[in-house]
Amino acid sequence: NAGVTQTPKFQVLKTGQSMTLQCAQDMNHEYMSWYRQDPGMGLRLIHYSVGAGITDQGEVPNGYNVSRSTTEDFPLRLLSAAPSQTSVYFCASSPSGVQTYEQYFGPGTRLTVT
Amino acid sequence: KQEVTQIPAALSVPEGENLVLNCSFTDSAIYNLQWFRQDPGKGLTSLLLIQSSQREQTSGRLNASLDKSSGRSTLYIAASQPGDSATYLCAVRDNYGQNFVFGPGTRLSVLP
């Protein structure tokens, strides 16, 4: 099992550009989520999905879009990048419907917006 | 709204010491609490998961306790080693959804 994979590892964008951060898992987990990590603030939830075709907003969804067409993939789209979106982005997954399970995290994508 | 805090924000200890990291949460209606380790520039590694019905979990030199009624968890690290140097994060999964709320972390340095 590769677990949770994320690409790219690093990305630099100019203000106003758009891009997609990729996330995939091979554990057949129904639940997937995206977090951003900023210094001193811990991880904050951006969007999450409880299964293919079902997504919902987290704590900080503005400026981001997600879709879930398959169980394996959960891409995060930045529509028009802003310097405030400079952060480290983590994707996570876990079995769904049973809240007692732990979450598994990907290695992260470090994004800089200039 | 669930809020999670961790004290101290940073800690520096000599090798061999036993130490305690603290995590507090405001809403006791939780499903579970998970402790993670994060090395600089890396992702999160799960250390221990405590279900709401449990009081503690142990893995090697690590022991995590949970007191739901007081909204507290502690991570005890025995005989600390320089390799334990990392940031330790706690996260709670509450009864209102499937999502975790994270604390800001404690940055631990173990000096040889």
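Chain letters run A, B, ... following the sequence lines, proteins first, then strands; residues in each count from 1.
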**Asked** If you round to the nearest 0.5 Å, how far is CZ of Phe36(B) from CD of Glu102(A)?
**Response**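 The CZ atom of Phe36(B) is 7.5 Å from CD of Glu102(A), to the nearest 0.5 Å.
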**Asked** In this structure, are over 12 heavy atoms from other groups packed under 6.0 Å from Arg44(A) atom CZ?
**Response** yes
Just distance, no hydrogens or angles: give the donor-acceptor pairs under 3.5 Å from side chains in residues 13-25 of chain B, sequence neighbours left out.
from	atom 1	to	atom 2	distance (Å)
Asn18(B)	OD1	Ala79(B)	N	2.8
Asn18(B)	ND2	Tyr76(B)	OH	3.4
Asn22(B)	ND2	Ile7(B)	O	3.4

Honestly curious: do [X] and [Y] fall in one hydrophobic cluster under the side-chain, below-4.5 Å linking rule?
{"X": "Leu108(B)", "Y": "Val4(B)", "value": "yes"}
{"X": "Tyr64(A)", "Y": "Phe100(B)", "value": "no"}
{"X": "Ile46(A)", "Y": "Val50(A)", "value": "no"}
{"X": "Leu66(B)", "Y": "Val92(B)", "value": "yes"}

**Message:** Looking at Tyr31(A), I'd like to know if the NZ or CZ of Arg93(B) sits under 6.0 Å from its six-membered ring centre while staying within 45 degrees of the ring's axis.
**Reply:**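 The answer is yes; both the distance and angle limits are met.
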**Prompt:** Where does Gln38(B) contact chain A at under 4.5 Å (heavy atoms): side chain, backbone, both or neither?
**Reply:**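 Interface part for Gln38(B): side chain.
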**Request:** Sort Leu44(B) into side chain, backbone, both or neither according to what part of it lies under 4.5 angstrom from a heavy atom of chain A.
**Result:**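 Contact with chain A: backbone and side chain both.
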**Request:** Provide the closest heavy-atom pair for Gln103(A) versus Gln34(B) in the form atom of the first, atom of the second, distance.
**Result:**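 Distance-wise, the nearest heavy atoms are N-OE1, 3.3 Å.
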**For the student: nearest non-hydrogen atoms of Leu89(B) and Gln37(A), plus distance** =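 Shortest heavy-atom separation between Leu89(B) and Gln37(A) comes out as CD1-NE2, 4.3 Å.
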All N/O donor-acceptor pairs, side-chain side in residues 105-114 of chain A, below 3.5 Å, sequence neighbours left out:
from	atom 1	to	atom 2	distance (Å)
Thr109(A)	OG1	Pro8(A)	O	2.5
Thr114(A)	OG1	Leu13(A)	O	3.3

Give, as side chain, backbone, both or neither, the part of [X] having an atom under 4.5 angstrom from any heavy atom of chain B.
{"X": "Leu43(A)", "result": "both"}
{"X": "Tyr104(A)", "result": "neither"}
{"X": "Gln6(A)", "result": "neither"}

